[in-house]
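Input: a single structure, listed below in structure tokens.
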Amino acid sequence: MEVLGEYLLPLKSIDELLSKGGAGAKVLVETPLGFKNVGLEVVRYLNNKGHRAYLSGQSVWGACDFSAAGDYQYVIHLGHALPPNIFRIISRNFRLKREGFNDVIVVNIENGPTVLFSAVYYEPKPELISKARETLSDFSRLSVKPLIAYALPFKLYAYKIAEILNAPLAPGPITGCFVHFPIPDTVLFIGSGHFYPLTFKLLRPKTTVYSFDVFRGVVENMDNIYRRYLAMKVKAIQEFNGARLVGIVISRKPGQYRPDLIETLINRLRRLGKEFVIIDLSEVSPDYINNLPVDAVINTACPRIGIDDLDRFMKPVVNAGDVLKVNPLDLSNLLVW
């Protein structure tokens with residue numbers, strides 16, 4: 001791993017992979033919104049190595065959301081883990097090959113670009129580790145140690161904090177839609193914001209989830225936040241029941257495109273006596289949904305859209321998983337696609 005500002009990332013490995021395609025590869029570098037600065041530095045690094053690198057102005061929300069544009073030889077997707085559920089969807093939508101190379105997952109898409117899913121880690125700052133030691137001192141006295149979990153960029157912070165607390169460390173990063181290990185009764189998530197730690201509550205509501213924001217040095221219990229999202233979810237499902245015309249929305253994002261759900265949803269809506277229209281979108285967002293001429297929307301894309309964004313929609317939005325359940329108000333697992 002090489003240091004780039006406050007980050008660590010496998011720049012030499014990326015350069016070595018690009019060089020296999022010959023000199024002057026055309027490359028698109030894409031990042032989440034908060035990582036545009038590191039994306040710019042990667043573009044500069046690659047251009048200095050003789051490649052033709054571009055910085056994507058689009059935000060990417062996860063490994064499901066990468067560019068498959070055929071006019072680039074390579075797409076470098078920074079900062080997201082590639083979970084098996086997303087890889088399965090990508091595999092259904094493309095003919096591809098997958099391989100690993102150090103901290104990079106390489107996906108070769110037939111008639112498309114080679115996508116490099118690259119890790120980016122925050123380099124732990126001593127002053128933040130010192131503050132974490134003080135803030136988290138109460139956890140060190142617990143008889144049962146919480147599982148230390150993390151999103152990919154916070155891996156190195158999680159390792160440090162697990163050492164401080166002498167607590168077990170998760171075997172890998174989580175994403176907003178997938179946890180690849182058994183969820184215990186107590187989790188201490190290391191990261192920033194509510195998005196990732198809420199994943200545990202959405203999958204296993206009885207788990208006690210604490211989130212430690214390494215930048216603010218603040219610990220939060222996720223129960224109240226989870227209950228707020230749960231209330232919005234129940235309201236959306238109840239309002240959907242009264243809708244007459246329903247839009248079934250599909251997303252063209254490579255790891256969210258689920259045409260396999262359409263016929264099953266159509267059959268379900270017919271049994272419910274509802275009219276429907278299928279709507280094709282590049283991105284499922286309030287800007288588009290709020291202007292659709294339908295009474296309600298079924299989202300077949302990322303299930304977090306039908307959870308986290310509900311207070312931004314002007315009409316009820318439910319996930320495909322909500323509609324296809326035997327009991328739509330079964331809230332034991334809200335991340336069913």
Side-chain angles (χ1 to χ4, degrees), residues 28 30-34 36 56-69 80 86 89-90 93 175-177 193-195 198 202 225 228-325 328-329 331 334-337:
L28 179 68
E30 55 185 21
T31 78
L33 278 176
K36 291 300 177 190
S56 172
Q58 301 290 329
S59 181
V60 291
W61 306 101
C64 55
D65 184 17
F66 64 88
S67 174
H80 288 126
I86 298 300
I89 296 172
I90 297 170
N93 293 328
T175 68
C177 65
H194 300 148
F195 179 79
L198 267 175
L202 297 173
I225 296 162
R228 181 167 66 87
Y229 281 103
L230 201 62
M232 291 192 294
K233 185 70 171 178
V234 171
K235 180 174 181 288
I237 292 172
Q238 291 172 337
E239 291 179 349
F240 172 83
N241 292 335
R244 182 182 61 83
L245 176 59
V246 176
I248 303 174
V249 172
I250 58 173
S251 167
R252 288 287 173 173
K253 293 182 178 181
Q256 297 183 16
Y257 183 47
R258 295 295 307 275
D260 55 300
L261 293 173
I262 298 303
E263 287 303 316
T264 306
L265 287 168
I266 287 174
N267 292 335
R268 177 67 171 162
L269 291 176
R270 283 174 174 159
R271 289 196 297 272
L272 293 173
K274 297 183 185 296
E275 298 179 39
F276 61 87
V277 58
I278 301 169
I279 300 167
D280 191 319
L281 279 175
S282 57
E283 181 163 334
V284 185
S285 70
D287 290 340
Y288 297 106
I289 297 299
N290 290 341
N291 289 298
L292 293 176
V294 295
D295 302 319
V297 163
I298 299 175
N299 163 53
T300 67
C302 172
R304 295 299 294 261
I305 293 169
I307 300 171
D308 299 66
D309 293 337
L310 290 178
D311 57 346
R312 301 171 61 210
F313 291 122
M314 297 171 63
K315 58 192 66 184
V317 175
V318 297
N319 290 327
D322 301 322
V323 178
L324 297 177
K325 286 178 180 177
L329 288 176
L331 306 175
L334 292 180
L335 291 181
V336 176
W337 283 40

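- In this structure, the side chain of S59 does not engage the main chain of P32 through any donor-acceptor pair within 3.5 Å.
- Remark: the backbone N or O of V294 is paired with a side-chain donor or acceptor of K315 at under 3.5 angstrom.
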* Asked: After noting the C-alpha distance and the side-chain angles of I248 and L261, does the key distance pass the side chain to side chain contact (heavy atoms under 4.5 Å, CB included) rule?
  -> CA-CA 10 Å; I248 303 174; L261 293 173; over 6 Å; no
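- The side-chain heavy atoms of I89 and Y257, taken from C-beta on, include no pair separated by under 4.5 Å.
- Panel note: side chain K36, backbone S56; a donor-acceptor pair is recorded below 3.5 Å.
- In this structure, T300 OG1 and I278 CD1 are separated by 10.0 Å, a value rounded to the nearest 0.5 Å.
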* Steps toward side chain to side chain contact (heavy atoms under 4.5 Å, CB included) verdict (R312, I289) -> CA-CA 10 Å; R312 301 171 61 210; I289 297 299; over 6 Å; no
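- In terms of heavy-atom proximity, R228 sits nearest to D311 at NH1-OD2, 4.2 Å.
- In this structure, OH in Y288 is found 11.0 Å from OG in S251, a value given to the nearest 0.5 Å.
- Closest approach of F66 to I90, counting heavy atoms only: CE2-CD1, 3.5 Å.
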* Asked: V336 and L324: side chain to side chain contact (heavy atoms under 4.5 Å, CB included), yes or no, with the steps?
  -> CA-CA 9 Å; V336 176; L324 297 177; over 6 Å; no
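- Here the shortest heavy-atom pairing between I298 and N319 reads CG2-C, 4.1 Å.
- Note that CE of M232 is 12.5 Å distant from CD1 of I237, once rounded to the nearest 0.5 Å.
- With a 4.5 Å cut-off on side-chain heavy atoms, N290 and F313 count as touching.
- Here the shortest heavy-atom pairing between V317 and N299 reads CG1-CB, 4.2 Å.
- The two residues A63 and H80 come nearest to each other via the heavy atoms N-CB, 3.8 Å.
- Shown here for P259 and N93, the closest heavy-atom pair between the two residues is CD-OD1, 4.5 Å.
- Scanning for salt bridge (Lys or Arg N to Asp or Glu O under 4.0 Å) contacts around D295 gives an empty result, with sequence neighbours left out.
- Contacts of N241 classified as side chain to side chain donor-acceptor pair (under 3.5 Å), with partners at least two apart in sequence or in another chain: none.
- Here salt bridge (Lys or Arg N to Asp or Glu O under 4.0 Å) pairs that include residues 265-290, with residues two or more places apart or in two chains, are R244-E275, R252-D280, K253-E283.
- In terms of modelled atom types and a separation under 3.5 Å, the side chain of R304 and the main chain of F195 share a donor-acceptor contact.
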